[in-house]
Number of protein chains: 2
Amino acid sequence: MPTSFATWNINSVRLRLPIVLDFLRQYDPDVLCLQEIKCLNDQFPRNEFTAAGYPHHAVHGQKGYHGVAIVSKHPLTDISSRVFFEIEESRHVSALVDLGQGSVFGPLTVHNFYIPAGGDLADPELNPKFKHKLGFLSELKSWFGEDHFRERQLICGDFNIAPLEHDVWSHKQLLDVVSHTPIETEALNALLSGGHGWVDVVRKYFPAEEKLYSWWSYRAKDWQAANKGRRLDHIWTTADIAAHTAGAEIIKPARGWSDKPSDHVPVIARFA
Amino acid sequence: MPTSFATWNINSVRLRLPIVLDFLRQYDPDVLCLQEIKCLNDQFPRNEFTAAGYPHHAVHGQKGYHGVAIVSKHPLTDISSRVFFEIEESRHVSALVDLGQGSVFGPLTVHNFYIPAGGDLADPELNPKFKHKLGFLSELKSWFGEDHFRERQLICGDFNIAPLEHDVWSHKQLLDVVSHTPIETEALNALLSGGHGWVDVVRKYFPAEEKLYSWWSYRAKDWQAANKGRRLDHIWTTADIAAHTAGAEIIKPARGWSDKPSDHVPVIARFA
DNA sequence: GTTGCACTGG
DNA sequence: CCAGTGCAAC
């Protein structure tokens, strides 16, 4: 029985609920991780997700900014969230997903992250937002080193880092731009290859030389023509889970869904 | 030669300029008084009004809130504005309109008002906005008692009061609702019948038992079906001018013009 | 540049 | 419900 997981920085779940529901109808993932829901827990549109066939929710919102949520067809247990770098923003939520009898997996833990964007200046001394981003990554590395991260884990979300040369429209022009500076890409690659060995189950399905983006700035007049994207949104799993991958997709057309789309598009990983 | 004057609370002249120009093309008033222009003087779209055949402007704007303007086919002189109750908001502008040779009138003074809405609670002790509204009306009464208000005057605007029983959808249900409380309707009726005797040149053309509205709340889901309106927008003249009236019209369809209409519609008074 | 939210005012 | 401002964030 096929299973799929999706992640999408939605930039206000209330404002973009219609296109999120369109996405669920059209792509039918088992689990969707959302970032930047920009609402309090009580304001999260639970009923609408339930009506759409996603009755299980792990919501960690906050007022106005950030906020993450997992919506799922399958039961979610052990819901928790974690503070990184001692900054109390809603940037992580996790849950144990029970995919049921038909699945090749037993239960697996899904971690949904919204890693800090990091501001404009790539200097942790001068820019506290960049310091926060690096601190967040550093704590993440320690945490992932713990033993229970060895298996049955999926981590995804808006990592705000495009790690590979062809994860940005111009490697050269973005080397000084936060999201693609060496200090960040090295930290993210260390996270990926360190610890117990994560697999980037999306890039796995696209040649390393192929440009691959999940985000296009609002600032470009014609995002499609310019196509100056970055791959900021990721899905990684432990090796046991990665053994069952069946494909991956980045839903580029979603950048044009509705009048006022999110600047990010959904990323999907499929498992056989 | 026929002459007509119109008043319209436009709730942002910049946002709704297209439908204002449509209105001018379709109804061709000589003078249009606007309220809630919600812009600074420099942001008022003078060129667009000039191009539409209304090259004369008396603009008294302010940042963000309130703001009134007169646009005219005919020259405007003696432009002035007045502060009421010592609260410096842009709620009045007046001008002398020279209608030229073909007119039955000599020059007349047009006063354009945006009387304070008055907040929710009809108690001047507890609600400073209601106190402001009553104070505004009180100062208006004194001012209109001055000798020069005896003739050749037209006053109009959003008075934020529905004075008559059939100026609201339910007299009984609105007796405690600001805009139709006895203290307000009595103050407005005293203004109308006191001083040198104004004529409500719009209600003149509709039987007193006929429901007549110029405003429908944004809050109603289906304003047209509910039809819970109020007549908040008025045109009054001195008796000399009222002697020449030829009709009046409230442009109810304007409540549905464009995706995002104003909650008020234009009111027109015609003179032979 | 462009967005979404909080707030105020209606 | 609608519009403005001010703000933070990207």
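Since we're looking at a predicted model, the values are computed, not measured. In what follows, chains are A, B, ... by sequence order, proteins preceding strands, each numbered from 1.
Separating the CH2 atom of A:Trp223 from the P atom of C:dT3 is a distance of 15 Å, rounded to the nearest angstrom. B:His132 places its NE2 atom 14 Å from the C1' atom of C:dG10, with the value rounded to the nearest Å. Here C:dG10 presents its C1' atom at 13 Å from CD of B:Gln62, a figure rounded to the nearest Å. Atom NZ in B:Lys228 sits roughly 15 Å away from atom C1' in D:dC1 (whole-Å rounding). One interatomic measurement links the two molecules: CG of A:Asp222 to C1' of C:dG1, which rounds to 15 Å at whole-angstrom precision. For the pair B:Lys221 NZ and D:dC2 P, the computed distance is 12 Å after rounding to whole Å. As rounded to whole Å, 17 Å separates atom P of D:dA3 from atom CD of B:Gln35. If you take CZ of B:Arg16 and P of D:dC1, they are 16 Å apart, rounded to a whole angstrom.
No contact: A:Arg230 has no heavy atom under 4.0 Å from any strand.
Residues meeting the side-chain hydrogen bond (donor to acceptor under 3.5 Å, both in side chains) test with B:Lys260, sequence neighbours left out: none. Not counting sequence neighbours, B:Glu186 has no partner by the salt bridge (charged side-chain N to carboxylate O under 4.0 Å, His left out) test. With sequence neighbours left out, the side-chain hydrogen bond (donor to acceptor under 3.5 Å, both in side chains) criterion links A:His57 to A:Arg46. A:Asn112 is linked by a side-chain hydrogen bond (donor to acceptor under 3.5 Å, both in side chains) to A:Gln35, counting only residues two or more places apart in sequence or in another chain.
Ring geometry for B:Tyr213 against B:Trp216 counts as perpendicular: the plane angle is over 60°, on a 0 to 90° scale with 30° as the lower cut.
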*In the 5'-to-3' direction, what one-character label does each nucleotide of nucleotides 4-10 of chain D receive under the scheme B = base within less than 4.0 Å of a protein heavy atom, S = sugar-phosphate only, - = no such atom?*
SSS-SSB
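Sequence neighbours left out, the pairs with a member in residues 161-185 of chain B that pass salt bridge (Lys or Arg N to Asp or Glu O under 4.0 Å) are B:Lys133-B:Glu184, B:Asp167-B:Arg203, B:Asp167-B:Arg231.
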